[in-house]
Amino acid sequence: MTHRSSENGRRVLAAAETVGRGLGLGRPGLRASADVVWTVFVARLKIISRYKGAILLESFLPVFFAALPILLGTAVAGSEQNAANNFFQNTSSAGQGTSQYRLYMLLGSSTFMVVSLMLWLIGYWVRREQETGTLESIYLAPAKRLHILAGVTSYSLVRSLSAFLVAMVIGSLLFGVNPFDGNLLASIGYLVLGIPALWGLSFIFGALIMRVKEANSVIQLIQWVVPFFMGVYFPVTMFPPLMRIVAMTFPPTLMNDAMRSSLLNISSLYGPGYIVLGLMFMAAWITPLLGYEFFGLMERRIRRNEGVGQY
Amino acid sequence: MSKKVIVEYSRYPVAFVALFVQVFVIILLLMMSSFAFAAPGTSRNQLSVFAGMMTYGFVTSMFLGFTLWEMGFSLREEQVRGTLESLYLSPTNKFSNLLSRIFAIVVWTTVMCAAAVVLVNLLVGGLPLQNVAYGLLILLLSISGFLGLGFLFAGVTIKLKETAQLLVNGLQFFFFIFSAQFFPFSVLPQPVRDYVSRWLPVSYAVDLFRTTLLGIPPELMPTQPLTELGIVVAFGVLSPILGYFAYLAFERQARRAGTLGEY
């Protein structure tokens with residue numbers, strides 16, 4: 001009797017499991033989740049490997065972006081020497097005196113490229129999936145959104161870091177600056193530490209694109225708003241008080257400042273090194289959580305209203 | 001077709017707002033950068049000629065940028081959505097089809113540029129503004145020339161597909177630097193000026209437009225302003241024709257290869 005009831009119990013459990021999995025209630029394990037991240041990552045890399053020109057061009061963009069203020073500054077100051085002197089005096093009064101304005105601009109522009117690409121690639125990914133009608137299918141796939149997003153953001157990271165490295169090499173040769181004069185290792189360390197915050201921001205950006213359904217203009221706008229608030233061309237302490245507070249709470253500004261202070265041997269706008277490090281850890285912890293929460297919130301709202309299939 | 005584009009735009013009001021904000025951000029970014037390089041104690045009024053050079057250059061860069069972005073991108077969108085091939089099967093005139101794509105954006109850019117000039121006026125306390133009618137004529141010719149580049153780029157988009165996005169970004173920065181859109185040509189190294197800038201018709205359009213409004217001799221041909229005008233006129237007339245033919249060539253090639261609908 002007991003044997004029969006336990007046999008029945010096993011059958012019921014097996015049936016429940018089968019039904020549960022059949023209805024999509026089964027939870028993939030760690031390995032399956034890692035597989036999702038890896039598959040999305042490889043798929044994105046495969047797609048971009050078909051557009052080699054894009055990879056080449058995005059490495060040159062920071063160099064152009066840095067050349068702009070360098071030439072602009074020379075025009076305003078009258079000569080390169082005057083530009084260096086004036087920049088030193090103006091940045092000193094803003095709390096970050098340096099005459100190495102070329103390296104200042106190059107590092108700022110290359111860091112901006114990392115931030116921009118992280119946001120841009122997520123934004124375009126969401127928009128492209130919407131337009132091609134595959135976003136809804138992704139939502140029906142038995143994979144967590146977080147893992148899909150992790151795959152896409154990892155791909156963005158690899159692409160943006162490659163652009164950063166190539167731009168730094170080309171820019172250093174072109175502008176005649178030596179990034180090895182400063183603490184390059186610490187600078188790269190700060191870049192790596194800033195990545196989780198960028199992940200968080202890219203989730204927010206992706207959610208916004210999903211909501212407003214207009215990637216091009218928003219990306220074009222971001223392309224200028226981000227360098228403005230990051231202080232790519234000048235210390236953000238040159239802003240009026242309110243704008244300065246907004247700029248300094250923006251995680252890429254912190255990352256940019258930390259990288260600059262270590263590479264150019266200048267003081268950070270945020271204070272001593274341990275405060276900068278603490279703030280970076282905080283941004284690395286809070287921003288992704290907030291970003292993913294925001295993405296989830298926006299996603300739920302869209303699914304309740306028009307649905308993710310509309311574009 | 002223009003009406004269709006305007007209706008499409010009206011469904012994305014965020015895009016319009018984003019474009020408008022973008023203009024102010026670019027101006028502020030560049031103005032603050034120039035303040036970072038100005039000798040301490042320089043008054044904002046002393047920067048007015050330089051600010052004028054930058055702002056009027058910026059106006060040309062806006063028209064060039066939007067012409068390049070909009071035409072290629074709207075075609076790219078049609079490619080991605082899968083409607084490009086159907087559009088080519090419809091009895092629509094190809095030229096007006098292309099032209100209509102930028103009508104709305106050109107009108108909007110005009111409004112934005114006027115707002116930008118007002119903003120800089122407020123920031124530096126008055127910009128030099130002379131020969132307005134002549135300046136506008138040059139701007140008109142320049143826009144016509146940019147259209148040609150837009151047509152060419154639309155063709156390139158059909159060919160290059162995804163890479164076109166970054167190419168247009170690269171082209172924008174290329175013209176920023178080599179056509180000295182935000183600074184005088186004099187700061188460019190002599191070889192760059194002689195072997196790159198002087199070979200770009202866009203440089204002459206930028207130079208003539210801003211020096212006309214500033215009331216100073218052009219930088220590229222200070223002793224031959226009429227020759228410079230001739231180059232700008234030729235650019236305005238020939239560029240759309242050549243650009244359109246280039247577009248047709250790209251399009252024919254894609255149709256023969258059967259890749260028009262591919263993205």
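To find a chain, count down the sequence lines: A is the first, B the second, and so on, and within it residues start at 1.
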- Could you tell me whether the side chain of A/F229 reaches within less than 4.5 Å of the side chain of B/V25, counting heavy atoms only? no
- Task: Evaluate side-chain contact (heavy atoms from CB on, under 4.5 Å) for A/W224 paired with B/V21, printing each intermediate quantity in order.
- Result: CA-CA 10 Å; A/W224 293 102; B/V21 176; over 6 Å; no
- Query: Ring centroid separation for A/F234 and B/F35, is it under 6.0 angstrom?
  - Reply: no
- Query: Looking only at heavy atoms, what is the nearest atom pair of B/F174 and A/F64, with distance?
  - Reply: CA-CE2, 4.2 Å
- Return the minimal non-hydrogen interatomic distance between A/L72 and B/S33, and the atom names on each side. CD2-CB, 3.8 Å
- Task: Name the region of B/F178, side chain, backbone, both or neither, that has any atom closer than 4.5 Å to a heavy atom of chain A.
- Result: side chain
- Message: At a 4.5 Å cut-off on heavy atoms, which part of B/M54 comes close to chain A: side chain, backbone, both, or neither?
- Response: side chain
- Heavy atoms of A/N90 and B/A36 approach each other most closely as ND2-O, 2.7 Å
- Query: Which pair of heavy atoms, one from B/V187 and one from A/A75, lies closest together, and at what distance?
  - Reply: CG1-CA, 3.2 Å
- Message: With a 4.5 Å cut-off on side-chain heavy atoms, are A/L68 and B/F182 touching?
- Response: yes
- Item | Among the listed options A/L71, A/T74, A/V63, the residue most often paired with chain B at heavy-atom distances under 4.5 Å | A/L71
- Minimum-distance pair of heavy atoms, taken over all atoms of A/N86 and B/P40: OD1-CD, 4.1 Å
- Task: Report the C-alpha separation of B/M32 and A/F239 in whole Å, then their side-chain angles, then the decisive distance to 0.1 Å, and conclude whether the side-chain contact (heavy atoms from CB on, under 4.5 Å) test is met.
- Result: CA-CA 9 Å; B/M32 296 227 28; A/F239 284 143; 3.8 Å; yes
- If you look at every heavy atom in B/L28 and A/F228, which pair is closest and at what distance? CB-CE1, 3.7 Å
